[in-house]
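Only a predicted model underlies this, so the values are computations on that prediction, with no experimental measurement involved. Naming convention: chains lettered A, B, ... in sequence-line order (proteins, then strands); numbering from 1 in each chain.
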2 protein chains.
Amino acid sequence: MSKGGAAIDWRESRRQAARVAILEAAWALVREEGLAALSLRDLARRAGITTPTVYAYFDSKHAIYDAMFGQAAEDFAAHMAVPYDTDDPREVLVAGVGRFVEFCAREFARYQLLFQRTIPGFEPSAESYAPAIRALAGARERLALNGITDPELLDMWTALSTGLVDQQISNDPGGDRWVRLIDDFVDMFVMYCRSPKRVLTRVKKSPSRTKGAPR
Amino acid sequence: MSKGGAAIDWRESRRQAARVAILEAAWALVREEGLAALSLRDLARRAGITTPTVYAYFDSKHAIYDAMFGQAAEDFAAHMAVPYDTDDPREVLVAGVGRFVEFCAREFARYQLLFQRTIPGFEPSAESYAPAIRALAGARERLALNGITDPELLDMWTALSTGLVDQQISNDPGGDRWVRLIDDFVDMFVMYCRSPKRVLTRVKKSPSRTKGAPR
DNA sequence: GTCTATATCCAGATAGAC
DNA sequence: GTCTATCTGGATATAGAC
């Protein structure tokens with residue numbers, strides 16, 4: 001690597017560090033004030049810089065949201081992807097939902113950004129969005145471990161997981177009213193997948209456009 | 001009733017009509033621009049009045065959101081409460097979920113206001129919130145029709161319904177990717193409730209605080 | 001890259017005349 | 001009740017000196 005190259009790398013890493021510092025300030029703010037309440041003025045003050053300086057690192061407020069979305073999606077994919085420490089395929093499903101709700105419940109603003117459409121006019125870029133797709137593929141694999149591959153069952157599974165998370169966060173934040181039902185949910189779902197009635201499956205298809213990260 | 005009383009009624013009904021007109025303008029705006037994008041300036045222009053006049057009818061912006069919440073909750077309760085035209089208890093469940101997703105999918109902004117926490121600092125008043133509780137009681141009754149009364153099963157049911165609605169709206173707005181799975185969901189749920197495994201129930205309890213309308 | 005200073009605009013809310 | 005006019009403060013974003 002050339003001296004010039006190294007200098008460029010150094011500068012670039014400095015720049016990246018500054019970006020990360022700004023994003024950390026942003027997370028702290030939305031944690032306290034709510035996702036929609038983020039303002040560049042507060043953000044700059046929090047990060048110990050001035051508003052114009054923020055624009056040296058991000059083109060716009062939406063660009064900041066997009067970078068935050070990218071971080072969140074990355075964290076989400078990583079959180080879901082750490083190896084599942086069991087040989088029981090059913091336990092892998094249970095643990096997967098557990099991690100899902102754990103991740104979402106930990107930071108409400110992050111959950112809003114990632115899974116709800118709360119910022120008018122904001123849509124994540126394809127790059128920021130990519131890790132969320134990986135995470136969905138992971139869910140598909142955990143189901144396949146249980147011999148469940150039907151796309152309709154995958155859709156039912158995502159709805160199940162989403163509903164559980166949503167109810168837990170909305171109606172019992174910090175509690176375990178729905179979390180403790182995870183085992184029952186998995187029982188119910190697996191039982192249904194294996195039921196004779198389910199064997200007589202009809203096939204349908206329909207296109208879909210997507211809002212928010214897949215789950 | 002006295003002449004004076006009638007005059008007061010008339011004035012009051014005029015006032016109510018004006019309030020409703022403002023709220024209609026508000027709904028039109030949030031439908032087009034998003035719930036969080038509502039501004040009193042645009043609202044006034046849309047309603048054919050000026051900003052200060054809005055304050056003759058509502059104390060603040062939050063009061064407008066609250067009135068909108070009240071309308072939405074009322075509509076929701078009414079929508080869910082119209083008699084179910086079948087004797088089959090299972091079909092009542094199916095129809096109930098169908099109505100739920102239909103109501104939510106019809107207007108995204110209304111769904112956000114009613115079921116998500118997207119406006120920083122806004123919480124509905126107890127009065128506006130009341131109809132939502134009635135709606136939840138309705139769900140409980142539809143389950144009871146099927147011999148399902150366990151509170152934990154009610155929680156599972158609400159999570160199921162919520163998840164289905166959420167996935168449908170977020171990932172296939174205007175489509176039927178999850179709607180067409182309603183029958184399967186009900187099959188799965190009822191089958192689980194009636195399963196022998198479920199008979200050996202353990203009892204637990206935990207308190208809960210609530211955010212958003214119950215569902 | 002970082003600042004001061006400022007542009008431009010919009011927000012929610014109020015004063016006071018009619 | 002409704003208006004004009006205005007207050008106060010916030011927003012995002014940019015110009016230009018250093």
Any side-chain N or O of B:Thr50 under 4.0 Å from OP1/OP2 of D:dT2?
-> no
Will you find, in the side chains of A:Ser125 and A:Asp66, an N or O donor that is under 3.5 Å from an N or O acceptor?
-> yes
Give a yes/no on whether any side-chain N or O of A:Thr53 is located under 4.0 angstrom from OP1 or OP2 of C:dC3.
-> yes
Interatomic distance where CD belongs to A:Glu33 and C1' belongs to D:dA11 [whole Å] = 15 Å
Nearest-Å distance, CZ (B:Phe58) to P (D:dG1)?
-> 12 Å
In plain terms, say whether A:Arg142 and A:Glu91 are close enough for a salt bridge, that is, a side-chain N and a carboxylate O under 4.0 Å apart.
-> no
Within this structure, what is the CG-to-P distance between A:Leu43 and D:dA11, rounded to whole angstrom?
-> 11 Å
Determine whether the side chains of A:Tyr192 and A:Asp187 contain a donor N or O and an acceptor N or O closer than 3.5 Å.
-> no
Are the charged groups of B:Arg19 and B:Glu12 less than 4.0 angstrom apart, N to O?
-> no
To the nearest Å, give me how far apart CD1 (A:Ile49) and C1' (D:dT12) are.
-> 15 Å
Would you kindly give the OH-to-P distance between A:Tyr57 and D:dT14, to the nearest whole Å?
-> 18 Å
So, with a heavy-atom separation below 4.0 Å from DNA chain D, the residues of residues 11-29 of chain A are none
Under-4.0 Å salt bridge between B:Glu32 and B:Arg46 = yes
So, B:Glu33 side chain and A:Pro120 main chain: donor-acceptor pair closer than 3.5 Å or not?
-> no
Ion pair B:Arg90/B:Asp183, N-O distance below 4.0 Å | yes
Protein heavy-atom contacts under 4.0 Å, written 5' to 3' over nucleotides 10-18 of chain C as B (base), S (sugar-phosphate only) or - (none), form the string SBSBBB---
Are the charged groups of A:Arg177 and B:Glu152 less than 4.0 angstrom apart, N to O?
-> no
